[in-house]
Chemist: 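One structure, pasted below without further comment.
On a predicted model such as this, the values are computed, not experimentally measured, just so you know. Below, each value reflects all heavy atoms present in this structure, side chains not excepted, and no hydrogens, waters or symmetry copies. Proteins get letters first, then strands, A, B, ... in listed order; numbering begins at 1 in each.
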Amino acid sequence: MEYNFKKIEKKWQNYWEENQTFKTDIWDFSKPKYYALDMFPYPSGVGLHAGHPEGYTATDIISRMKRMQGFNVLHPMGYDSFGLPAEQYAVQTGNHPSKFTNENIETFTKQLKELGFDYDWNRCIATSDPAYYKWTQWIFKNLYEDGYAKYVDMPVNWCEELGTVLSNDEVIDGKSERGGYPVIRKNMRQLCIDQAAFAEKLLDGLECIDWPESTKEIQRNWIGKSIGAHVDFKVDGYEDKFTVFTTRCDTLFGATYCVLAPEHDLVDKITTDEMRSEVEAYKAACALKNDMERTELNKDKTGVFIGAYAINPVNDARIPIYISDYVLASYGTGAIMAVPAHDDRDYEFATKFNIPIIQVLEEVTGTPHEGEETKTSIVAIVYDEEKQKYLTINWGSNGGRLFIGGSRRDCETPLECALREIEEETGYIDLEFVRELPRINHHYYAYNKDKYFNIDCTGLLFKLKSDKKTHQNLDDDENFSVEWVDEDVIINEVKDELHKKTYEYSKNQAAMTGDGIHINSEWLNGLNKMDAIDKMIDWLESHNAGSKKVNYKMREWIFARQRYWGEPVPIVHMDNNETHTLSDEELPLVLPELDDYRGHNGKAPLENAIEWKNYNKDGIKGVRETSTMPGSAGSSWYFLRYIDPDNTEEFANQELLKHWMPVDLYVGGPEHAVGHLMYSRIWNHYLFDKGLSPVEEPFKKLVHQGMILGENGIKMGKRFPKYVVNPSDIVRDYGADTLRLYEMFMGPLEASKPWSSSGVEGAKKFLDRIWRLYTEENKITDEDNKNLEKIYHATVKKVTNDFESLSFNTAISQLMVFINAVYKEDKFPRVYAEGFIKLLNPIAPHITEELWNTVLGHDDTIAFESWPEYDEAKTIDDEITIGVQINGKLRGTITVSLDESEERIKEIALNEENVKRHLEDKEVVKVIVIKGKIVNIVVK
RNA sequence: GCCCGUAUGGUGGAAUUGGUAGACACGUUGGACUCAAAAUCCAAUGAUAGCAAUAUCGUGUCGGUUCGAGUCCGACUACGGGCACCA
């Protein structure tokens, strides 16, 4: 019998379709349910690519196995069919985008069917189908009426020439991607969804779902929760005050200026007359920059002093107010207090504008000890620029190499002290003071004084101007040599933490952003960061100057596009400036046919639908919203619709939702980590709160399939068209079973891996080998064969477990091991032959259906046969081969029975030929026997 | 810059809680079958030395813990992904 995969695959695909094998009886609650879901594709013009079958085969394997295990399985497929390519096609050809879309859907469906997936095609949906988007509109309408969707004034990228709002990726170098017209930032009324209202629920939800940790982390970063405080600053000479958001209110005593975003409301009012023109110019320059530019050109801080001063609530200090675009209007309150000593950005700005820097937190080094003496001191670093050497003193074994250090006398400034110490200890007197370094709180033991100290130490950096020297003036106990050394020696030999840290501060001028203890902060002095934050919040709240506050990076989700091919928004703008939402009976609001799908003068294409646009009903007169919803609207709830796709009364029957949700397994690409997967969670959380979805989290388990790369190891695509693999070609040349088997065998599902044509041939060879075994070898028998018992049970176990954990590559390797073993035997017991076919069925459904029915003589689909069981006891051998190591090196192997005593194993191991040879002239110190694993002999 | 992930033969990749590194497959080499080829079957295949038994080295680099490390800990390097003035 010849393995004619073309005929066989066609035959079984027809059979499944005619017999409705995979139609889900959705109301059958007698069996446990299993909901396997794929991310539905956008039906592009190019058809399926090699990556699609990967994830789809994974869910197909699981759903076929679950069905055989007695689950009622829901495994649907549909199309995310709103999108730009269809609109562009419509603009170019004048045809309706649905023509293009429907043609593509047809192609996709044909391609998916020839891969033999067990989808219930009766439940197929398309987001651009009015019967579907009726409910997208309905959910949106509810979001709007409940205040989660609303019109908000917010800065957007506005292009005057195109007359439209552009997204960040449509703006390049401050010009529009199309046409290259200038784009400015402008406050505009936008239809938005308030995502941040769900932030806490979205964060909490991540704790209880089985998702890749990296994806959860991306979502956490995206939500960007930060806990801090609001602090109010009065403007000197005005009644007005402004609020800043800070996570470091403990550093409030170190605030030396404030910054408002250029767009901040207060700027115009409090700018002084002499600064006004400069401020206006700066604001105008900022408006020309979009978000991307603001962040890309972050090297250099810019800003303008606006002439006004703020009053620091904790100490009434009068500090200048600047505007700068490093403060974003859209985050927090659009205003900050700046603490240059402890924030990198503020440090950079303060250095550039010569603003004072006040250190309020010092790093702690060394370990505290009882009975410490406290004092203030200095560490002086002297650098000879010409010779590139540092001045050190070497205490040898009494303390190693250090910079110059010493205690401050009363009434001595750090600088005076440093100059004195340098002169006394080294004699050098011609020095240039470069700068003071951050103070450090250090605990140490002094060898020469035999005492523990806790010092508050100031670092100072000097340059040597000349070799001019006086005489050293040393105490009796100061026994060291003065040495000039280069950087390498400093790095290797200066071990003292205080001196090391001081050296680091001298090399990198930067803010100290770590933890430590507070200084220069009155009632916070001595506290660490955490304690000081708590104490400061208490103070702010009791003095009415601020409060604890949580902020999120997550912004409003702009929910309108000036496009045609999307869901119309069911809102009417009435003549009195209010909005009216359509009644449920008016849904779906269907897209009107247009003569021209182009938006003229940058306006939304629906502006062309004059008749459609004007609304006049029951005394309500107005104009419809002409923007449409973004692409992610329809895909944010499709998993609910699959459960009840033909319902005309509600988006899905509640009883059905209750039974079928959540999705048990969701497979799709990692590129949707924030977009689709976040929006779906938001919509579902909303529906859950409203009592319309039975679960808080829609996707219980999520897995990302890796990308399939070209044979050259590079992403398939336009750049290397000759390496693009079309699944239909593989199906034609090798069959769907081969493609499925190969893609599952390539490597772990989550990994990116390159395509290999010889790998495809290998997969085909394995199927051929199975075919020959069942049709030509005449080994199948009703007799038993003990030789295959263990490997059969082990195979059932491994394949079952590996499928469960989606480790398809190792499951397949076990199937191969089994087949190799069967080839070595004369008799292949029928029970094993049937069990193997069942194990293989989820991966290669066509060939297994054929063998099951024609060779093994059954007369029905294998799809509902029961999954093979294994006997744990039979997977284990009673004899086992273990390794014998000497000092961790393998020297031989021994075969012992499983329940052999340790003593006996030890004896056998010591008598192994090669082991004996290695033990000659050696003394056995210890023998470690790990039962069933290994013997290790330790010798001297 | 910050956060996350990965690193194993010629290649894709295996390796439960630390316990015989390289399963399985591809490729390569040799052999069988054949007039010949394809297909198929058998054998070898980490590197080095050796006829061999065997020995030494070997899981990105350096160090540590351990009787024993691909696996655990510390430092680093390279690549991939995410975020990027978020106060």
Chemist: Where does RNA chain B form stems of at least three consecutive Watson-Crick or G-U wobble pairs, each pair having both distances below 3.5 Å?
Modeler: B:1-7 with B:77-83, B:10-12 with B:24-26, B:27-32 with B:40-45, B:46-49 with B:54-57, B:60-64 with B:72-76
Chemist: Taking atom P in both B:rA44 and B:rA37, what distance in whole Å separates the two?
Modeler: 24 Å
Chemist: Please determine whether a side-chain nitrogen of the Lys or Arg among A:K764 and A:D768 lies less than 4.0 Å from a carboxylate oxygen of the Asp or Glu.
Modeler: yes
Chemist: Between B:rC41 and B:rA49, how many Å separate the two P atoms, rounded to a whole number?
Modeler: 34 Å
Chemist: With a 4.0 Å cut-off on N to O distance, would you call A:K241 and A:D232 a salt bridge?
Modeler: yes
Chemist: What is the nucleic acid contact for A:R220, judged by heavy atoms within less than 4.0 Å: base, sugar-phosphate only, or nothing?
Modeler: nothing
Chemist: Could you work out the separation of B:rG46 and B:rU8 based on their C1' atoms and round it to a whole Å?
Modeler: 10 Å
Chemist: For nucleotides B:rA38 and B:rG70, find the distance between their C1' atoms and express it as a whole number of Å.
Modeler: 42 Å
Chemist: Indicate whether OP1 or OP2 belonging to B:rC41 is found under 4.0 Å from a side-chain N or O atom of A:R769.
Modeler: yes
Chemist: Under the criterion ring-ring contact (aromatic ring centres under 6.0 Å, His included), which of A:F808, A:W755, A:Y734, A:F766 is the partner of A:Y742?
Modeler: A:W755
Chemist: Taking only N and O in the side chain of A:Y331, is any of them less than 4.0 Å away from OP1 or OP2 of B:rA87?
Modeler: yes
Chemist: If we take the C1' atom in both B:rG18 and B:rC73, what is their distance in whole Å?
Modeler: 13 Å
Chemist: With sugar-phosphate meaning primed atoms plus P, OP1 and OP2, does A:N820 contact a base, only sugar-phosphate, or nothing at under 4.0 Å between heavy atoms?
Modeler: sugar-phosphate
Chemist: If the P atom of B:rG1 is compared with that of B:rG9, how far apart are they to the nearest Å?
Modeler: 29 Å
Chemist: Quickly work out the A:L773 CG to B:rC41 C1' distance and round it to whole Å.
Modeler: 14 Å
Chemist: Measuring only between side-chain heavy atoms, which start at C-beta, is A:Y505 closer than 4.5 Å to A:M512?
Modeler: yes
Chemist: Spell out protein contact along nucleotides 6-14 of chain B as letters: B when the base is contacted, S when just the sugar-phosphate is, - when no protein heavy atom is under 4.0 Å; keep the 5' to 3' order.
Modeler: ------BSS
Chemist: Give me the distance, rounded to whole Å, that separates B:rG22 from B:rG31 when you measure between the P atoms they each carry.
Modeler: 28 Å
Chemist: So, using side-chain contact (heavy atoms from CB on, under 4.5 Å) as the criterion, who are the partners of A:A335 when residues are at least two apart?
Modeler: A:F242, A:V244, A:L260, A:H264, A:T333
Chemist: Grab the NZ-C1' distance between A:K933 and B:rC67 for me, whole Å please.
Modeler: 16 Å
Chemist: Base, sugar-phosphate, or nothing: which does A:N914 touch, judged by heavy atoms less than 4.0 Å apart?
Modeler: sugar-phosphate
Chemist: Please figure out whether A:T247 or A:V935 has its closest RNA chain B nucleotide nearer the 5' end.
Modeler: A:V935
Chemist: Between A:K753 and A:P748 (side chain of the first, backbone of the second, donor and acceptor by atom type, cut-off under 3.5 Å), is there such a pair?
Modeler: yes
Chemist: Within the 4.0 Å heavy-atom criterion, would you say A:I218 contacts the bases, only the backbone, or no part of the nucleic acid?
Modeler: sugar-phosphate
Chemist: Checking side chain to side chain donor-acceptor pair (under 3.5 Å) for the pair A:T302/A:Y282: CA distance, chi angles, key distance, verdict?
Modeler: CA-CA 9 Å; A:T302 59; A:Y282 185 76; 2.7 Å; yes
Chemist: To the nearest angstrom, how far is A:I886 atom CD1 from B:rG68 atom P?
Modeler: 14 Å
Chemist: With a 4.0 Å cut-off on N to O distance, would you call A:R220 and A:E207 a salt bridge?
Modeler: yes
Chemist: Hey, does A:K553 reach any base, or is it just sugar-phosphate, or nothing, if we go heavy atoms under 4.0 Å?
Modeler: base
Chemist: Regarding A:K931 and A:E900, does a basic nitrogen lie under 4.0 Å from an acidic carboxylate oxygen?
Modeler: no
Chemist: Expressed as a whole number of Å, how far does the P atom of B:rC42 sit from that of B:rA25?
Modeler: 11 Å
Chemist: Which way is the base of B:rG9 turned, syn or anti, if we draw the line at 90° from 0?
Modeler: syn
Chemist: Name the nucleic acid region contacted by A:H704, choosing base, sugar-phosphate or nothing; use a 4.0 angstrom heavy-atom cut-off, strictly under.
Modeler: nothing
Chemist: Hey, are the side chains of A:H672 and A:H704 touching, using non-hydrogen atoms and a 4.5 Å cut-off?
Modeler: no
Chemist: Using heavy atoms to find the nearest nucleotide of RNA chain B for A:Y823 and A:N221 separately, return the residue whose nucleotide is more 5′.
Modeler: A:N221
Chemist: Is any NZ, NE, NH1 or NH2 atom of the basic residue among A:E872 and A:K797 found under 4.0 Å from an Asp or Glu carboxylate oxygen of the other?
Modeler: yes
Chemist: Nearest whole angstrom, please: distance from the P of B:rU17 to the CD1 of A:I934.
Modeler: 17 Å
